[in-house]
Structures are given as structure tokens and as C-alpha cells.
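These numbers come from the heavy atoms of this one structure, side chains and all, not from hydrogens, waters or symmetry mates.
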Amino acid sequence: MYEWKFTETRPFSRRDFLSTSMKAGAAAFTTALLPKLQTEAQEQYNVLFIMVDDLRPMLGCYGYSEMQTPNIDRIAQQGTVFNRAYCQFPLCNPSRGSLLTGLRPNTTEIKDNTSTNKDTLPGTTIPQQFKDNGYYTCSVGKIAHGWYAWTDKVSWSKRIWKIPFEEEYYNAKPTEWKILDVADEELRDGMAARKAIEEMSTIKDIPFFLAVGFDRPHVPFHAPRKYYDLYSTKDFSLPPNHRSLPKNAPGYSLSADLQKFSEELILQLTHAYAACISYVDAQVGLLLDHLEKLELTEKTILVFMSDHGFHLGEHAKWEKGTLFEVGLRTPLIVSVPGQTQVGVRTNALVELVDVFPTLCDACNISIPFELEGHSMLPVIKQPDLQWKSAAFSQLRRRLGQVYYRKESLKKMTGIELTEKDTVDGYSMRTNRYRYTEWGAYTEHGEKFADLSVELYDYLTDPDETVNIANLPENAELVSQLSKKLQLGWQEVLSEIDGSISVSHKKLPWDINEDGIVDTEDLLLVSKSFGLEKLENPKVDVNRDGSVNIIDLLIVAAHFGETSNSSAPQIRANIPQHQLDILAKRLSEAYLADDGSSIFREGISVLESILDSSLPGKTTLLRNYPNPFNPETWIPYQLAKPANVSISIYSMNGTLVRTLKLGNLSAGVYRSKSRAAYWDGKNKLGESVASGIYFYTLTAGEFKSTRKMLIRK
């Protein structure tokens, strides 16, 4: 199985230090901690982020002259149309989870449409990053997927607005279409547009990230009559491959669900699909008109996109869920105020994971270190720029859902398969080819069979009618493409990283401005606690007039972020005296912890830094809290492996309790997750009285004793 995980080149990085809980919401502290940064953000662009469901690039600006989409075309006229943009997974939940985090499906581990929870989603989201940089973030309609999407309190400044549950909508059949004699605002997307306008008017005077999600043209194809009247079935033609599966293609890559569709029905559904697109276009027009009315057009970045492509009969397939061109290619239009080249269409290969870093780059805010995409701003500035050499996508199918019968698969693999086993496809789009490899996996993720490969040449076969992977004359080409697929997206990003020069942003939490947030920045802040005269004003990160634990935790929450790919590496060896300083600040953070995300995440990073260091000597450290009631943690560090125990004595020398910690490796045991824990009870399980006690660390031949206070 291809992991396509980010390969670190630094000995220590943001990912090395972030725990699972930290990944769930990197730097997700409340904007109240950054009051003055919010003021500075007013000089940055707003973002109007428009997401449409199940939309293929069937728009006027993409060359479909029969389509009436004047408002989406308005965005194109003032921005850049990405002609070859590809999703990472052709299904709603995996695709949206990927694009919103800037992470690929093997990192998010979302590969189906079942609900997930924001707390289990790795990384930060686009709106969360903007919120953490002083923006007001607001969501109207469907942006993320699943029930968790409506309860995400981390990414958004206010509760997400959604349409009330409609049984007819959620239980619709894929072939359902209906002409309705209703006004636009009586349907879901009309309601969403008007709510978005209301929100826009409310937040017009502050920097905002407004996301608006439209349901159409997702089924059911319900739209007001006037949009159906824009078209007739004569405006559309059947795709040339509407009845044919690609020759020599593996059956598990297909779902021949149109075999029973009449040609008349296919054209009727295409007509309905087009009507729904024009309905959405009209709602987009309302947003653009209101943006102009508020005089915000020149201050706002516009993003228009879909989550994946859509089949209208190609390869006998309806809807989504394939690794073919129409299943993976999505519309993507970006307009940045002041861009010099407007109304242009670029053929640069881009991916939806690129949207996150692009918006950060354009708005001059930090790009999270762990993102797995690349800013498209250089392409917006220069549309004919040589860019990525490939775009990567993937798909998982349960064997109970594939076109081949189990008997056929058993004949191919020699293995009895179950419906819980999966077939995974990994696909790569280059300028000329699409290359896909399929393998079968057990329900536990173990690969047990290479089933097939697919290769399509778009120069000679734009409709993907013949899989040419097994032709002898293509053996070398298949070998080259297979190697490139397995090297994956990291290799492609490294190609453009070395050739593109982009302006570097100064990060507010990069105190010494060396291009990376590391221990040097933490120490500069820490050493400035309580000083009236600051040598470096950046140590007051939240600009509240004093330097304290909040400033340190803000820097810690951004640990590892970089504004420069050539920035120095984070040091692996941190001097002991500097570790002691950070340990002291960690104890202060424990005492001041108010349960907010800034404390949770900042403490997590400080703990990880301390836990990852190798001490030069064995030492017993001060317990925290001290005085304590009713429990305490006793930190220590080991210069070499040892059998460790901690004995607690009363003032008269009576043994109260012994904590046997066992054989431990060399390392630092300072954080709550690693330090020795004492519940304040004696060996009989009774709570001890207030007073002074002593505790002794025994580590091999080493012994050390310290005093502690219990106050009840």
C-alpha cells in the first residue's frame, strides 16, 4: 500500500513534536488572545469561499458554450480558471476532509462517507488557521461533510448555519429530478445565499473568512422552472463512451449502473443537472452583487470550487466514485485582488490540497508546516508557469461493491475474499497520461494481491476507451510511471520547491526572524517574562503590554512553522540550562492552565520538547504543584537506563509510600504523562495529613532527596 506520507528532512520538526491531540487542532487558540493582531489583519484580504457539491467543470468559463453560468463566469473574468484541478478522493467526505486540512486521505485516514469527528481529524482546517490569525470565520451551508461538520466549534467563530433536515433530500434516488414552481429562496441553496448575504452585512467591517456551501447539483435535481426553461434535451448529447466500459479495464474500477438507463433518461438527467447548475449560478450572483454593494470586491479573495467530478454516463457510470478523468477533475477558480493576469485559464496541474496554502500565502498568514500541498500563487501570477508534473488521487472500494464477482476475483488472486476486504486504487495524472494501480487489501489493511494497472493516453484517446497498460510496447512507460506513482506527491513538490522563488512571510511567532519557529524563539520569550524594557518587541506576541505564559504558549502552539524552506534546522540537542528554563515555564503553565485550547496545545508542545531531549545528568526535580492537594507529579531525568523508584518520607523519617517505576531508559520524565504520579495516599491507601514531606529518587546507584509541602 502506498503511504504517501510526508518525509521529513529536518531532524526535529513540527510533526515530531505534535501529539495526536495537538494534530487535532494545531494553534487553535481563541482570537481574544490576539486583540492587536486582529487590527493588523484588517489590512489583509477577506475570503469568500464558495463550495458546490458534485459539480464537474461544466461551466461557460470552461468552454461549455451551451451552459448559462454568467455569475460563475464573472469570477473567472476577474481571476484564474484552473483547467486541470484534481481532487484527492472522488467522494464527498474524504475529499472535503482532505482539502480543508491540506492533507491527503492517507494522512486524514478518511476514505468513506461515514461521519468523523473534528477532534479525530489531523491537522488544522483552513478556517481554523484564519480564525487563529485574527479573522472572523463563518460557515453557511455544507462545507465539511457528515454530522460532525455541523458541530465544529474549533474552526468557526459562530455556530454553523444549516438548512433543517429534509427527508426528501436525504432519501433521494440518483435519478430523481423535478421541475418546481417555486421562488429561488424557497429551496435550500436560495436560503443559503440569503443567509450568507445577511452574514456578510454583519461582518463587513472586520477581516472575515466566509464559507458558503451549495447543495446543487447534488441529487435530487430539484430546481425552479425558470432554470429548466433555459435548456432542452436537444442542447446536450450523449458521451461517446456512454455504453462502453474501457477495453481491458479491470471491473473493480467501474460500476456499470447505466446499463438499464435509456438514452432518453440520460439526456433528461443531464438537462436537470444543467438546470441545477444555473440555479446555483444565480445564487452565486447574489453573493457577488452584495459584495460589490458593500464595496468589498477589491478587498476579497474569491474561491469557487467543487469537491470532485461527476459522471453523466461516461463509462456507463452515473454520479461519482471513479478514478477516471470526469470523476476526479473539478472546477477551481481563484480571484485575488490586484492580480495582474485576469480572465485567464491555466493548464497547470493542481490539486485541491493546494487551496489551503494558496489562501494563506495570498493573505500573508503563516502556512502550517505539515500541509501536503503547495501554494498556487506563482501560477496565478504566471499562468503558463511550468508547475507540477503530476496530480495524485486515490479510491477505496469494498469488494461487495465492485463490478467483478467474487468468483472472478478468486480466480485472479487465488484467495477467498470477503465483503470487508477492499480494493484500493492509486492514480496519477500527468500532462499526457493517467496511470492507476489497483491492489486488494484485507479488512486489516494488509495487501494480499496486485490486481491490475490502467494506463490512458489523452493525446490519442481523450475518452479513455482503451486501457493500454498491458501492451508490450508500453512496458517501459508503465515502469517509469509506476516508479513516479510510488515516489508520490513529495517528489513532485520537491521539483517545484527547487525552481520557484516565492516571497517569504514574517511569522509573528518567529521572534528572531530566522525563518522557523523553534526553541530559540521560546527561550527569547521566556527570558523576557516580567521585563519592563524589551529588547525585541516581538516577544510580546499578543501585544497586551506584558510578556507572560500566554505569549510563550502562543509561540509553542506554532512550533515548527516556517516561512522559508531554506530556514535552519531545529536543533536536536538543547543545552541543559535551556531545558531547565523551559521546564520551569511548563510548571507555570500547569498552574495557570484554564483548560483553553491555547494552554492545551502549548503545554503539549513544551512537554514534547522536554520529553524528546537526552539529559546530561540524572536529576530529581521539584514536584508540581507544590504545595499540593490532593495529588502531585514528581519529575526527574535519567542520564542512563536505570531501575527507578521514588520513596516518600514524613518529617520524622517514617516511610509513607514507595512508587516503583521499574527499569526505564535514559530520558526526561518531566511532563504529566511521564513524571511519577502520587495520589497523596500512604501505603495503606489513607490520605496523608498536611505538612512537610521528603521524596527520594533511587536510580541505580544514584540517590537524591527533595522537600515537598502538602497543604489541605
Side-chain angles (χ1 to χ4, degrees), residues 1-2 4 51-57 85-118 120-122 125 142-149 169-170 172-174 213-220 252-257 273 305-312 314-315 317-332 351-353 355 372-373 391-403 419-429 434 436 438-439 441 445 454 489:
M1 179 185 293
Y2 303 115
W4 287 355
M51 172 73 75
V52 185
D53 207 339
D54 283 15
L55 176 64
R56 60 193 271 161
Y86 296 91
C87 69
Q88 275 48 77
F89 202 110
L91 202 60
C92 293
N93 197 30
S95 178
R96 291 172 185 251
S98 174
L99 72 91
L100 285 171
T101 59
L103 303 173
R104 296 172 191 263
N106 275 354
T107 303
T108 66
E109 297 184 349
I110 301 174
K111 298 178 184 178
D112 56 40
N113 260 352
T114 58
S115 296
T116 185
N117 188 292
K118 176 64 183 73
T120 65
L121 196 64
T125 64
K142 178 183 176 181
I143 298 299
H145 182 89
W147 291 113
Y148 85 95
Y169 175 80
Y170 287 98
K173 297 179 180 179
F214 292 119
D215 290 332
R216 299 294 175 266
H218 191 287
V219 296
Y252 40 80
S253 71
L254 304 163
S255 179
D257 50 15
Y273 185 79
M305 64 186 301
S306 179
D307 46 3
H308 45 68
F310 196 90
H311 282 252
L312 292 175
E314 293 87 355
H315 304 318
K317 170 67 180 172
W318 189 254
E319 293 191 296
K320 54 210 169 193
T322 74
L323 292 179
F324 293 112
E325 187 79 355
V326 293
L328 298 171
R329 182 168 169 249
T330 69
L332 176 61
E351 303 169 279
L352 297 192
V353 286
V355 172
E372 297 173 343
F392 298 87
S393 305
Q394 62 190 92
L395 177 65
R396 168 166 291 176
R397 288 185 181 277
R398 293 284 181 189
L399 292 186
Q401 302 169 335
V402 301
Y403 182 56
E419 290 188 0
K420 291 184 178 180
D421 296 329
T422 58
V423 174
D424 282 16
Y426 289 85
S427 188
M428 177 180 68
R429 175 62 153 97
R434 175 165 298 284
T436 303
W438 292 89
Y441 298 82
E454 292 180 82
W489 58 269

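- For V353, the side chain to side chain contact (heavy atoms under 4.5 Å, CB included) test picks out Q88, S98, R104, E351, with sequence neighbours left out.
- Side-chain atoms of L395 and L323, non-hydrogen and from C-beta on, do get closer than 4.5 Å to each other.
- Residues P94 and Q394 are not in side-chain contact: their nearest non-hydrogen atoms beyond the backbone lie 4.5 Å or more apart.
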**OP:** Given side-chain contact (heavy atoms from CB on, under 4.5 Å), test H311 with W318 step by step and report yes or no.
**Re:** CA-CA 5 Å; H311 282 252; W318 189 254; 5.6 Å; no
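- With sequence neighbours left out, the side chain to side chain donor-acceptor pair (under 3.5 Å) criterion links Y86 to E325, R429.
- Between atom NE2 of residue H218 and atom CD of residue E319 there is a gap of 6.5 Å, rounded to the nearest 0.5 Å.
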**OP:** Please assess T101 against T107 for the test side-chain contact (heavy atoms from CB on, under 4.5 Å), listing each intermediate value before the final yes or no.
**Re:** CA-CA 10 Å; T101 59; T107 303; over 6 Å; no
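- To the nearest 0.5 Å, atom OG of residue S306 and atom CG of residue L352 are 8.5 Å apart.
- The nearest pair of heavy atoms linking K142 to M51 is O-CG, 4.3 Å.
- Between T330 and D307, the shortest heavy-atom distance links the atoms CG2-C, 4.1 Å.
- Not counting sequence neighbours, the partners of Y273 by the ring pair (Phe, Tyr, Trp, His ring centres under 6.0 Å) test are F221, F310.
- Remark: N106 CG to Y426 OH distance equals 4.0 Å, nearest 0.5 Å.
- Judged by distance alone, the side chain of E314 and the main-chain N or O of L312 form a donor-acceptor pair under 3.5 Å.
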Original post:
Which is it for I110 and H145 under the side-chain contact (heavy atoms from CB on, under 4.5 Å) test, yes or no, and what are the steps along the way?
Top reply: CA-CA 11 Å; I110 301 174; H145 182 89; over 6 Å; no
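- Nearest heavy atom pair, residue T322 against residue P90, reads O-CG, 3.3 Å.
- In terms of heavy-atom proximity, V52 sits nearest to R216 at CG1-O, 2.9 Å.
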Subject >> side-chain contact (heavy atoms from CB on, under 4.5 Å) assessment of L99 paired with M305 >> reply: CA-CA 11 Å; L99 72 91; M305 64 186 301; 4.0 Å; yes
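- In this structure, H308 and G327 approach most closely via the heavy-atom pair CB-O, 4.0 Å.
- Between S427 and R434, the shortest heavy-atom distance links the atoms OG-NH1, 2.8 Å.
- Formation of a donor-acceptor pair under 3.5 Å by the N93 side chain with backbone atoms of D112 is found in this model.
- Taking CZ of R96 as the start and OG1 of T125 as the end, the distance is 14.0 Å to the nearest 0.5 Å.
- S95 is linked by a side chain to side chain donor-acceptor pair (under 3.5 Å) to nothing, counting only residues two or more places apart in sequence or in another chain.
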